Enquirer: 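Dropping a structure here in structure tokens format, bear with me for questions.
Computed from a prediction, not measured in an experiment: that's the story for all the values here. The figures that follow rest on heavy atoms only: side chains count, while hydrogens, waters and symmetry mates do not. In what follows, every chain begins at residue 1, and chains take the letters A, B, ... in the order their sequences are listed.
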Amino acid sequence: RDEKGSDFIQTLVEVLRADPKADLLELMTEVNRQVCELDVLGPDCDDRRKACLEIRSSLRRRLCLQ
Amino acid sequence: VEPWGPEPEPGPSAQYDLSGARAALLLAVTQGRLGAQHDVEALGGLCQALGFETTLRTDPTAQTFQEEMAQFRKRLDAHRGPVSCALVALMAHGGPQGQLLGADGQERQLEVLVQELSHCGALRGRPKIFLLQACRGGEQAPGPPWRPASCCPSSPHPALSLSGLVVHLLQKRWLRAPPATPFQADVLHVCTDVQGCVAY
């Protein structure tokens with residue numbers, strides 16, 4: 001985050017910009033897939049860690065922002 | 001369709017009508033969060049590109065978090081035309097019991113902020129998107145047992161599920177005054193990490 005922003009927000013922006021007409025829930029799944037693929041350094045910079053989003057939806061319809 | 005009235009049952013391929021106004025509220029603590037400005041700029045640009053009328057507040061105090069949410073709700077309820085979608089992004093340090101830390105180091109419970117929009121009549125039956133970029137604990141995955149991180153305050157209270165708390169609070173309102181659409185419906189929460197873990 002220090003240099004480029006957080007993996008979550010930056011990946012989310014990239015994925016939504018690439019396909020803004022798609023269903024948002026599907027896009028979030030793609031964001032999570034990409035975030036889970038990333039290796040991140042832990043706070044001590046001595047070990048590689050994984051991150052995983054938590055997505056909770058009570059949407060009743062498809063949500064397409066464009 | 002009246003915002004409080006019954007709606008037709010959505011079919012499997014139904015899509016939210018987003019022809020009305022869209023509003024976004026971005027609350028970001030950048031103090032002590034190096035690089036957070038990159039997120040603010042990227043997300044702000046995306047929201048504008050997607051047609052959201054965007055309100056940005058940087059370095060809110062804990063009190064400001066709550067006040068901004070309340071004002072956001074009031075603005076939506078006072079909007080002349082229909083509001084079709086709301087997006088709220090909360091970016092700050094956080095803790096294991098669903099706390100968000102304001103720029104003043106004070107805490108606010110995330111579920112209280114989320115609940116604010118469940119009272120918004122203009123958003124009844126409309127999609128509400130919550131993006132949370134914050135630690136939700138000190139655990140690292142995969143990693144060692146819980147280790148306190150400087151960004152995540154410890155608490156003497158046992159960990160509670162944020163989603164459980166939100167549902168509980170919303171259900172209490174549901175039981176008092178059953179609306180046409182459940183308060184819990186039409187919400188999308190996306191958190192940068194699972195309950196109890198740090199955000200990288």
Side-chain angles (χ1 to χ4, degrees), chain A, chain B residues 7 9-11 13-18 22 33-43 45-46 49-52 85 87 89 91 125 127 129-133 136 140-144 147 149-151 162-163 166 181-182 184-195 197-200:
Chain A
R1 190 193 65 206
D2 293 8
E3 296 175 3
K4 294 185 292 187
S6 67
D7 291 335
F8 168 44
I9 297 295
Q10 296 298 321
T11 305
L12 181 149
V13 169
E14 189 176 312
V15 168
L16 264 69
R17 279 193 182 278
D19 193 6
K21 293 182 178 177
D23 178 27
L24 189 59
L25 202 49
E26 293 177 9
L27 291 175
M28 289 301 178
T29 304
E30 172 61 16
V31 172
N32 192 33
R33 187 190 68 77
Q34 293 190 21
V35 169
C36 285
E37 281 187 353
L38 297 172
D39 282 324
V40 292
L41 286 174
D44 300 328
C45 297
D46 59 353
D47 199 5
R48 294 204 173 274
R49 307 289 180 180
K50 286 287 188 182
C52 181
L53 307 187
E54 183 175 288
I55 303 169
R56 299 195 311 272
S57 171
S58 60
L59 297 178
R60 296 174 300 148
R61 297 173 164 87
R62 286 168 55 84
L63 176 54
C64 304
L65 294 175
Q66 198 175 75
Chain B
E7 295 181 1
E9 195 67 24
S13 62
Q15 194 167 309
Y16 285 103
D17 175 7
L18 297 188
R22 306 174 185 193
R33 298 180 67 243
L34 289 176
Q37 196 61 32
H38 295 295
D39 287 346
V40 171
E41 291 166 6
L43 198 54
L46 176 72
L50 292 173
F52 284 85
C85 183
L87 181 151
M91 297 175 272
I129 305 162
F130 288 93
L131 305 177
L132 174 66
Q133 168 63 43
R136 300 173 70 198
Q140 301 170 42
R147 180 171 53 174
S150 59
C151 64
L162 172 62
S163 56
V166 172
T181 303
Q184 305 96 318
D186 309 301
V187 180
L188 176 63
H189 292 261
V190 187
C191 305
T192 187
D193 45 17
V194 296
Q195 179 68 42
C197 284
V198 298
Y200 294 108

Enquirer: Is any side-chain heavy atom of A:V13 closer than 4.5 Å to a side-chain heavy atom of B:E41?
Expert: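 A:V13 vs B:E41: side chains apart.
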Enquirer: Got a second to check how far B:L131's CG is from A:L53's CG, nearest 0.5 Å?
Expert: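 Those atoms lie 10.0 Å apart.
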Enquirer: With rounding to the nearest 0.5 Å, note down the distance linking OG1 in B:T192 to CD in A:E54.
Expert: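 Reported to 0.5 Å precision, the distance equals 11.0 Å.
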Enquirer: Do the non-hydrogen side-chain atoms of B:D39 and A:F8 ever get within less than 4.5 Å of each other?
Expert: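 A side-chain contact is absent here, since even the closest heavy-atom pair is not under 4.5 Å.
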Enquirer: Run the side chain to side chain contact (heavy atoms under 4.5 Å, CB included) test against A:E30 and tell me which residues pass, sequence neighbours left out.
Expert: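 Applying side chain to side chain contact (heavy atoms under 4.5 Å, CB included) to A:E30 gives A:V15, A:R33, A:Q34.
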Enquirer: How long is the straight-line distance from CD of B:Q133 back to CD of A:Q10, given to the nearest 0.5 Å?
Expert: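 Spacing of CD (A:Q10) from CD (B:Q133) equals 9.5 Å.
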Enquirer: Is it the case that more than 12 heavy atoms not belonging to A:E14 sit under 6.0 Å from its CD atom?
Expert: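 No, because the 6.0 Å sphere around CD of A:E14 holds 12 heavy atoms or fewer from other groups.
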Enquirer: If we ignore hydrogens and angles and just use 3.5 Å, is the side chain of B:Y16 paired with the main-chain N or O of A:L65 as donor and acceptor?
Expert: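 Checking the backbone N and O of A:L65 against the side chain of B:Y16, no donor-acceptor pair under 3.5 Å is found.
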Enquirer: Determine the minimum heavy-atom distance between A:Q66 and B:A49, stating which atoms define it.
Expert: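 Answer, listing the atom of A:Q66 first, then B:A49: NE2-O, 4.4 Å.
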Enquirer: Indicate the atoms forming the closest heavy-atom contact of A:R17 with B:L46, along with that distance.
Expert: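 It is NH2-N, 3.4 Å.
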Enquirer: Does any heavy atom of chain A fall under 4.5 Å from the side chain of B:F130, the backbone, both, or neither of them?
Expert: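 The answer is neither part of B:F130.
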Enquirer: What's the spacing between A:L59 CG and B:Q15 CD if we round to 0.5 Å?
Expert: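 Here the interatomic distance stands at 12.0 Å.
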Enquirer: Grab the two heavy atoms, one from A:R56 and one from B:C191, that are nearest each other, plus how far apart they are.
Expert: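 Result for this residue pair: NH1-SG, 4.3 Å.
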Enquirer: As an exercise: rank A:L12, A:I55, A:L63 by heavy-atom pairs under 4.5 Å with chain B and give me the winner.
Expert: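 With the most close heavy-atom pairs to chain B, the winner is A:L63.
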Enquirer: Where does B:L18 contact chain A at under 4.5 Å (heavy atoms): side chain, backbone, both or neither?
Expert: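 Side chain only.
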